[in-house]
Amino acid sequence: MLKVEALTLHYGQSQILHGVDLEAHAGQVTAVMGTNGVGKTSLLKAIAGRHPYSGGTVSVHGTDLRHPTAFRAARAGIAYVPQGREVFPLLTVEENLETGFACLPRHTRAIPDRIFELFPVLHEMRHRRGGDLSGGQQQQLAIARALITRPRILLLDEPTEGIQPNIIKQIGRVIAQLREEGEIAIVLVEQYFDFAFDLADRFTALSRGAVIREGPKDMVDRDALLQSVSI
């Protein structure tokens, strides 16, 4: 379980997050929603150790990570798929996947067959360079690379952005399968409302860096949520 409490974050003199609380449980998708610029990506970067936060706590299974670096967050079981994918363009697909080994013990550094079962296209293209893949294929590679780390928490930042509809459906199926397996807590930042609403079990809606709506799906009114994240 991931638990974020009273998280605040600044960029210089500007405060971006204002006391944000968030929970994510294994076997569930928590969707973080809101318009552009409300702090969704900043929240994920703080959790993943990509940007220092000013106050509050980030805990995994009850252990406060105490302002983690990206490496410490990864060792704690947090995997982050950033907006923009950050695929290494000159490395092959297989080499890109192997970059996920860094936080693993040496004896576990292998690409599981399951990765290619989830993303068959990556097996077909494993010897092609990352920069030669389409946007949708790069997104699949970025998610697969995160799964290589055997995470307990998977952070996905705008996984449908710029992706063709058939790949969006495939990514949705993978997220649903990971949720059903019940081992990973998934935090999904997503602008595509229908995609997020269909997959999510919990919602956290942000406005101006603060939580304005939060709760499990069965207690959230769809139309009210849509209005609150579309203003």
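We use all heavy atoms of the structure for the numbers below, so side chains are in, but hydrogens, waters and symmetry mates are not. This one's a predicted model, so the numbers in the text were calculated from it and none came from an experiment.
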Walk me through it: do L97 and R126 pass the test side chain to side chain contact (heavy atoms under 4.5 Å, CB included)? CA-CA 9 Å; L97 292 173; R126 63 190 182 281; over 6 Å; no
Check against side chain to side chain contact (heavy atoms under 4.5 Å, CB included), R152 and V60: CA-CA 9 Å; R152 294 186 287 179; V60 175; 3.6 Å; yes
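- Here CZ of R145 is found 12.0 Å from CD1 of I115. Values are rounded to the nearest 0.5 Å.
- If you take CD1 on I184 and CD1 on I175, they are separated by 11.0 Å, rounding to the nearest 0.5 Å.
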Dump the intermediate steps for side chain to side chain contact (heavy atoms under 4.5 Å, CB included) on I167 and T160, then the final yes or no. CA-CA 8 Å; I167 303 299; T160 71; over 6 Å; no
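- Ring geometry for H51 against Y11 counts as perpendicular: the plane angle is over 60°, on a 0 to 90° scale with 30° as the lower cut.
- Cluster note: M1 groups with no other residue, as no ILVMFWY side-chain heavy atom lies under 4.5 Å from it.
- There is a path of hydrophobic side-chain contacts, each under 4.5 Å, that joins F195 to I186.
- Closest of all the heavy-atom pairs between D64 and V58 is OD1-O, 3.4 Å.
- Residues L9 and A46 share a closest heavy-atom pair of CD1-CB, 3.8 Å.
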Evaluate the side chain to side chain contact (heavy atoms under 4.5 Å, CB included) criterion for residues K40 and E158: first the C-alpha distance (whole Å), next the side-chain angles of each, then the deciding distance (0.1 Å), finally the verdict. CA-CA 10 Å; K40 305 184 301 296; E158 303 281 6; 4.1 Å; yes
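- Side-chain N or O atoms of E190 include one that pairs as donor or acceptor with a backbone N or O of Y192 at under 3.5 Å.
- Considering CD1 of I143 and CD of Q170, their distance stands at 9.5 Å, rounded to 0.5 Å.
- Atom CZ of R109 has more than 12 heavy atoms from other residues, nucleotides or ligands within 6.0 Å.
- Take T69 and apply the side-chain hydrogen bond (donor to acceptor under 3.5 Å, both in side chains) test, not counting sequence neighbours, and it matches no residue.
- At a threshold of 4.0 Å, the pair E86-R50 counts as salt-bridged, since one of the basic side-chain nitrogens sits closer than that to a carboxylate oxygen.
- Ring planes of H67 and Y53: parallel class, angle under 30° (limits at 30 and 60°).
- The ring pair (Phe, Tyr, Trp, His ring centres under 6.0 Å) search around Y80 returns none, not counting sequence neighbours.
- With 3.5 Å as the limit, one finds no donor-acceptor pair spanning the side chains of Q15 and T8.
- Nearest heavy atom pair, residue A24 against residue T30, reads CA-OG1, 3.6 Å.
- Pairs passing the side-chain hydrogen bond (donor to acceptor under 3.5 Å, both in side chains) check and including a residue from residues 215-224, sequence neighbours excluded, read D194-R222.
- A distance of 11.5 Å separates CG of L141 from CE of M125, quoted to the nearest 0.5 Å.
- Environment of CZ in R150: crowded, with over 12 heavy atoms of neighbouring residues, nucleotides or ligands closer than 6.0 Å.
- To the nearest 0.5 Å, the span separating CD1 on I16 from CG on L43 amounts to 12.5 Å.
- Between the side chains of T41 and D157, at least one donor N or O sits under 3.5 Å from an acceptor N or O.
- Residues I78 and L44 fall within the same hydrophobic cluster, defined by Ile, Leu, Val, Met, Phe, Trp and Tyr side chains chained together at heavy-atom separations under 4.5 Å.
- Partners of T149 by side-chain contact (heavy atoms from CB on, under 4.5 Å), not counting sequence neighbours, listed by chain and number: A79, C103, P151.
- Neither F88 nor L147 shares a network with the other; the hydrophobic side chains, linked directly or stepwise wherever heavy atoms of I, L, V, M, F, W or Y lie under 4.5 Å apart, form separate groups for each.
- Cluster membership check: L118 shares its hydrophobic cluster with F101, using side-chain heavy-atom separations under 4.5 Å among Ile, Leu, Val, Met, Phe, Trp and Tyr.
- Considering OG of S228 and CD1 of I212, their distance stands at 4.5 Å, rounded to 0.5 Å.
- Looking at residues two or more places apart in sequence or on another chain, you find a side-chain contact (heavy atoms from CB on, under 4.5 Å) between Q138 and R85, V87, L133.
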